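Only a predicted model underlies this, so the values are computations on that prediction, with no experimental measurement involved.
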Amino acid sequence: MVTLAPTHSDTYTNSVILHNISWNTFERILLETGDTRNNRFTYNQGILEIMTPLMPHEHNNRLLQNLIIVLVEELNLNVKSTGSLTCKKEDLARGVEPDSSFYIQNEPIMRNKTSLDLTQDPPPDLVIEVDYASSSIDKLPIYLALGVPEVWRYDEPVMQIYSLADGKYIPGNSSPTFANLSLNTEVPQFLASSLEIGEMAMIRNFRSWIKTQVENIK
């Protein structure tokens, strides 16, 4: 029998938890709700969280997406942005829709694909979770089970970078995807500055900072 937990809400999201949800029911919900919905689903072995992001959440998420694009441009990397792509595996009974996801190292493999099958495709190289404390399900073990190499968790004003190594996530100060730049301390400062100087000025400042870091690496 499906059971419903009380809805909780905060500044960033509204969410509801459903218990005793079978994998087939989860798949049917995904199919019936389609790709254009605003809700994001997290499924963990019978428990389904349905989360609706609010403006502060989406604002930070979009800013982080923009900073990722600046990083790949300045570091001369390719990227395939896959947004809240549903990442799921039936044999694990787990599925998750990140706030943002990207193929970078595996971009050539996924470049022309229009769907994801984790029985044969790699998971996204990088996923972003914003305002993580508002989630009722710990998504990190799900990403670990799916084999996602790098996870950024941003819980304003703190960002943590997790890198997959030896079967576990190692928290660190830098991103192996982006030339081991110390992004976990710098990115939150840039995001905060956007509230004072605006998004475009912040992005320009971030680009200048990246250029300086790249020059120092050479």
Just how far is it from atom CZ of Phe190 to atom CG of Leu64, taken to the nearest 0.5 Å? 13.0 Å

Can you tell me how far the CE atom of Met200 sits from the CG atom of Asn205, to the nearest 0.5 Å? 11.0 Å

Any [X] side-chain heavy atom under 4.5 Å of [Y] side chain:
X: Ile137; Y: Val96; value: no
X: Ser81; Y: Ser100; value: no
X: Ile104; Y: Asn78; value: no
X: Ser174; Y: Leu183; value: no
X: Leu85; Y: Pro98; value: no
X: Met110; Y: Lys113; value: yes
X: Glu129; Y: Lys139; value: yes
X: Glu156; Y: Pro188; value: no

Cut-off 3.5 Å, side chains only: do [X] and [Y] have a donor facing an acceptor?
X: Asp117; Y: Thr119; answer: yes
X: Asp125; Y: Asn106; answer: yes
X: Asn39; Y: Thr52; answer: yes
X: Ser182; Y: Asn173; answer: no
X: Ser163; Y: Glu150; answer: no

Identify the heavy atoms of [X] and [Y] that sit nearest to each other, and give their distance.
X: Arg37; Y: Leu30; result: NH2-CD2, 3.5 Å
X: Asp131; Y: His57; result: OD2-CA, 3.3 Å
X: Leu146; Y: Pro123; result: O-CG, 3.5 Å
X: Leu48; Y: Phe41; result: CD1-CB, 4.0 Å
X: Val151; Y: Val148; result: CG2-CG1, 4.2 Å
X: Ile170; Y: Ala165; result: CG1-CB, 4.1 Å

Specify whether Tyr43 and Phe26 have parallel, tilted or perpendicular ring planes, treating 30° as the upper limit for parallel and 60° as the lower limit for perpendicular.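 Aromatic pair Tyr43/Phe26 classed parallel.
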
